[in-house]
Each structure stands twice: as C-alpha cells, then as structure tokens.
Amino acid sequence: MKLMTPGPTQVRPNVLEARSRAFRNPDLDPAFYEFYKETCDLLEKALGATDHRAFILGGEGILGLEAACASLTEPGDRVLVIDNGIFGKGFAEFVEMYGGEAVLFSTDYLEAVKPDDLRAFLEKDADFKYATMVHCDTPSGVRNDIETLSRICDDYGIMVVADSVSAMFGERLDLGNARIDILCGGSQKALSAPPGLTMVWVSERAFVSMETRKTPIRSFYANLLAIRDYYQNRWFPYTMPASDIMGLRAALDNFLADPDVYERHERIAEVTRKAVTDMGLELFLNSGMSNTVTVIKVPEGTNDQSILQKMRHDYGIQIAGGIDALAGRVIRIGHMGENCNLKDVQETLDALRKVIKA
Ligand SMILES: *Cc1c(COP(=O)(O)O)cnc(C)c1O
C-alpha cells in the first residue's frame with residue numbers, strides 16, 4: 001500500500017534501518033545523552049532557532065500540544081485560541097483542561113487568518129497570557145502565516161504556542177524570524193519518521209514563565225520543566241524511546257541533506273491543485289492552501305468511502321477522508337515529506353482521475 005496520507009507519511013528505508021539497530025541504555029549510557037543533545041541541536045538548526053531549545057518527547061504529536069498548554073496554563077489564565085480550523089479550535093480543550101479560560105478568535109475556515117483581523121481583535125482585548133495558533137490545519141489544509149501572527153501577538157506582550165505538526169519540514173518556517181514561545185512538531189508528518197515522537201522548541205521566555213508560576217504544573221509526563229535540564233543532570237524524566245529517536249535522527253539527516261525540500265513542496269502542491277481542478281474536482285479552500293496537503297470536495301453522485309476504497313483496492317494507494325465536521329465531505333492527499341515526489345503524486349492523481357471517472 002502506497003501511503004499518500006497527510007501523516008503518517010512514507011518512511012525511507014534508511015530510517016527503518018536506523019530503528020532496527022542495537023540501542024544504548026538511554027538512562028545510563030552517557031553516549032545516549034550526547035546523541036540526544038546532538039539531535040536536538042540539529043532540530044534547532046533545521047528551523048533557524050536562535051532563542052529556542054529543542055526537545056524530543058516520547059509520545060505522539062498531540063503530546064506536544066498538551067505539554068505546551070499544561071506547562072504554561074495556570075487556573076484562571078486567559079488564553080487566546082485562534083480558531084480557523086479543527087486543530088485550531090481544539091486547543092481550547094487543552095487550555096480548559098488545565099484550568100485556563102479559552103477565548104476564541106474565530107475566522108473563516110475557508111481561508112488563512114488575516115493578520116489585520118487579528119490586530120483589530122487585539123486592539124479591543126489583549127489581556128492574554130498566551131495565544132495558540134496552527135501553521136497548517138490538516139483537516140482543511142489551510143496554512144496560516146504564523147511568523148507574522150506570532151509577531152503581532154508579541155507586539156501585545158502575548159506569548160505564542162504554535163502547532164506546526166503538519167507543516168514544519170515541508171513549509172518554510174524561520175523560527176529566528178518569528179516570536180513563537182513553544183513550537184510543536186511530530187515525527188510522522190513532513191519529517192517522515194514513523195509515528196511516536198513529539199518535538200518541541202521552547203523559548204527562554206516560556207521557561208521563565210513556567211518557573212515563575214504561582215501553582216505547580218499539573219502534570220508529570222507533560223511537564224516541560226521536567227526535561228529542561230536533562231543534559232546537565234544526565235537524567236530524563238522517563239526512559240527515552242531510543243529506537244524511535246534513532247529513526248528520527250536518520251529522517252532529520254535526510255532532510256538536512258536535501259537542498260530542494262521547500263521548492264519541491266511548492267511545485268508538487270501546485271501540480272496537485274492543478275491536476276485536481278483539471279479533472280473537474282473542486283478544492284475545499286477558497287485560498288490559503290498549504291504545500292503539504294491538498295483537500296478536495298467529495299463530488300456529487302459519489303461518497304468519500306467509495307473513492308477511498310477504490311483507491312486502496314484498485315490502485316494500492318491510501319489517501320485520507322475528512323475528520324470531525326468534515327467527515328464525508330472531503331478527501332485529502334498528503335504530499336509532504338517522502339510523499340512529496342513527482343512519481344508517487346502523479347500515480348496518485350492518475351488513479352484518482354480513473355476512480356472519479358468510474
Ligand atoms: C497530526 C497532527 C497533530 C498530531 O496529531 P496525532 O493524532 O498525534 O498525529 C497535531 N496537529 C496537527 C495540525 C496535525 O496535523
């Protein structure tokens with residue numbers, strides 16, 4: 001089965017091979033601490049971080065989102081939840097789970113958040129400890145300019161938590177040029193390692209905010225302060241999944257050795273959108289389409305399940321349907337990371353054309 005979903009994505013053989021090697025004891029072997037730190041240093045470099053430290057956590061992408069909210073939120077804190085998609089809105093649940101008051105800034109789900117609209121909103125109310133935002137909201141495929149949005153929040157003294165799980169390593173992101181306090185990523189999207197790991201990039205300002213809380217962080221596993229000093233202390237709060245991290249490192253080395261990544265994502269997203277509209281299908285969004293996933297309306301006269309099933313059974317290609325409010329309404333092609341090559345995308349589009357025709 002060829003995986004063409006917006007995560008998990010295809011995994012290169014050298015990543016699978018890295019995960020099968022003998023591993024060290026992550027708690028006791030000093031060389032593991034060096035390996036882990038070196039990998040985090042490369043993660044910082046990969047996104048142009050200047051003021052951030054990167055960490056790899058043992059848990060799926062969702063763990064990073066929850067860890068950010070658990071570590072920053074104190075009971076009663078007001079948090080601005082920028083809601084222009086399912087993941088965007090979903091942050092409100094994490095905020096409230098840890099006692100915060102989530103205030104939604106809701107915008108049109110069919111286009112990216114307009115920076116001027118955010119500024120106008122903050123002119124009226126900017127009393128927030130932090131704001132949450134999503135780089136690519138995968139269910140709709142909308143891409144937000146989180147560099148600009150985060151700088152606007154910073155103008156009002158508001159910290160920022162950004163979910164770039166399905167964008168980073170496929171969409172350009174210059175952390176040094178943004179004002180993001182906690183950036184969240186996952187192993188199984190554009191980085192193209194198997195699912196299982198979260199990556200977070202944490203600013204010094206975010207750590208100061210955690211340290212000066214009046215109440216303790218109400219989690220152990222999702223407490224970012226617990227892992228902060230792992231290197232000085234040669235201590236992790238829990239045993240690190242060594243094989244997963246070896247795989248992630250191989251995937252990161254693949255990314256760093258590829259000078260054409262971002263241009264390729266742009267080109268292939270463009271090719272995909274054109275092919276989809278040329279075959280008479282309609283894109284879900286009005287504008288703001290990401291370069292990592294293309295979301296397509298299910299045409300009249302058929303349904304998502306019969307399209308997905310035919311793609312799988314007749315052509316051996318797995319694409320995705322919609323989730324939540326979009327269930328049954330859209331199908332999605334993930335062209336990020338290892339999926340982002342012309343051969344696989346062409347094959348997927350050729351199959352889709354035949355399925356739709358049938
Ligand atoms: C995939 C994804 C996550 C992580 O979700 P998982 O279910 O843990 O994979 C978070 N945010 C976005 C936008 C995602 O696409």
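Here, residue 1 is the first one in the sequence, and each next residue gets the next number. Owing to the predicted nature of the structure, the values given are computational and were not obtained by experimental measurement. Values below: every heavy atom of this structure, side chains too, minus hydrogens, waters and symmetry copies. Counting starts at 1 for both ligands and their atoms, in listed order.
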Glu123 side chain to Tyr156 side chain, donor-acceptor N/O pair below 3.5 angstrom: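 Yes - a donor-acceptor pair under 3.5 Å links their side chains.
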Pair Thr239, Asp27: side-chain N/O donor-acceptor within cut-off below 3.5 Å: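 Yes, Asp27 and Thr239 have a side-chain donor paired with an acceptor closer than 3.5 Å.
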Side-chain touch Asp163/Phe91, heavy atoms, less than 4.5 angstrom: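 Yes. Closest side-chain heavy atoms under 4.5 Å.
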Residue list, side chain to side chain contact (heavy atoms under 4.5 Å, CB included) with Ala162, at least two apart or on another chain: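 Partners of Ala162 under the side chain to side chain contact (heavy atoms under 4.5 Å, CB included) test: Met133, Ile146, Val160, Ile180, Leu183.
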Stacked cation flag Arg234 on Tyr231, 6.0 angstrom / 45 deg: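 Ring-cation test returns yes.
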Working for side-chain contact (heavy atoms from CB on, under 4.5 Å), residues Ser166 and Met336: CA-CA 8 Å; Ser166 68; Met336 63 180 86; 4.3 Å; yes
Close residues, ligand 1: non-hydrogen atom nearer than 4.0 Å: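 Shell around ligand 1 (4.0 Å, heavy atoms): Glu60, Gly61, Ile62, Phe87, Cys136, Thr138, Asp163, Val165, Ser166, Gln188, Lys189.
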